[in-house]
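A short worksheet on the structure shown next.
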Amino acid sequence: MKLSTRISLVAVLLASGVSAQAACVYPQAPQDLPNGASATKEQMLAAQGTVKEYSKAVQETYLPCLEQEKGTTIAALDATDPEYAQKKLAIETVQAKKHNAALDELTALATRWSEEIKAYTAAQKK
């Protein structure tokens with residue numbers, strides 16, 4: 001790959017990264033889930049609301065934003081550029097990584113939350 005090609009590719013990736021930070025805000029996952037074995041009903045309900053809000057932010061705001069951003073960034077490329085395919089693939093790769101990372105974090109949170117619900121349910125049966 002020529003030096004000019006590399007520089008162009010880096011510029012496109014940087015531009016897409018900058019616009020991603022400006023346009024699509026990655027939602028912060030809840031950090032403090034209550035310990036289900038010792039939590040009160042009120043604590044569990046409050047945490048449930050927080051988990052639902054996070055899930056909604058990921059699924060209904062962040063992921064659609066990424067998809068729109070990908071489309072916009074690709075549409076801004078010059079289709080006659082001989083490196084169009086490489087640039088498009090680079091954009092798609094970056095966006096796929098962001099998408100998958102968000103889903104991985106959401107899945108991990110859902111798993112942790114499910115464990116706390118099971119612990120809460122078990123504690124209530126005692």
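All residue numbers in this chain count up from 1 along the given sequence. Please read all numbers here as calculations on a predicted model, not as lab measurements.
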Under a 3.5 Å distance rule, please check whether [X] uses its side chain to pair with a backbone N or O of [Y] as donor and acceptor.
X      : Y      : value
Gln28  : Tyr26  : no
Ser55  : Val51  : no
Ser114 : Ala110 : no

Answer yes or no: does atom CD of Glu92 have more than 12 heavy-atom neighbours from other residues, nucleotides or ligands under 6.0 Å?
yes
Tell me, yes or no, whether the heavy-atom count around Asn100 atom CG, taken from other residues, nucleotides or ligands under 6.0 Å, exceeds 12.
yes
Measure across [X] and [Y] and return the closest heavy-atom pair with its distance rounded to 0.1 Å.
X      : Y      : answer
Gln124 : Ala39  : NE2-O, 4.5 Å
Thr50  : Pro30  : CG2-CG, 3.5 Å
His99  : Leu66  : N-CD1, 3.7 Å
Ala37  : Ala123 : O-CB, 3.4 Å
Tyr54  : Ala102 : OH-O, 4.3 Å
Gln43  : Ser38  : OE1-O, 4.5 Å

How many angstroms lie between atom OG1 of Thr111 and atom CG of Leu106, to the nearest 0.5 angstrom?
9.5 Å
Thr121 and Lys125: CA distance, side-chain angles, deciding distance, side chain to side chain contact (heavy atoms under 4.5 Å, CB included) verdict:
CA-CA 7 Å; Thr121 302; Lys125 290 181 181 179; 3.9 Å; yes
For the pair Arg112 and Glu116, find out whether any cationic side-chain nitrogen is under 4.0 Å from an anionic carboxylate oxygen.
no
Is the shortest side-chain N to carboxylate O distance from Glu53 to Lys56 below 4.0 Å?
no
In the single-linkage hydrophobic clustering (I, L, V, M, F, W, Y; side-chain heavy atoms under 4.5 Å), do Tyr84 and Leu89 co-cluster?
no
Applying the 4.5 Å side-chain criterion to the ILVMFWY set and letting contacts propagate, would Trp113 and Leu103 be lumped into a single cluster?
yes
Is there any disulfide bond (SG atoms under 2.5 Å apart) pair reaching into residues 76-126, and which pairs are they, with sequence neighbours excluded?
none
Flag the pair Val58 / Glu105 as yes when at least one side-chain heavy-atom distance between them is below 4.5 Å, and no otherwise.
no
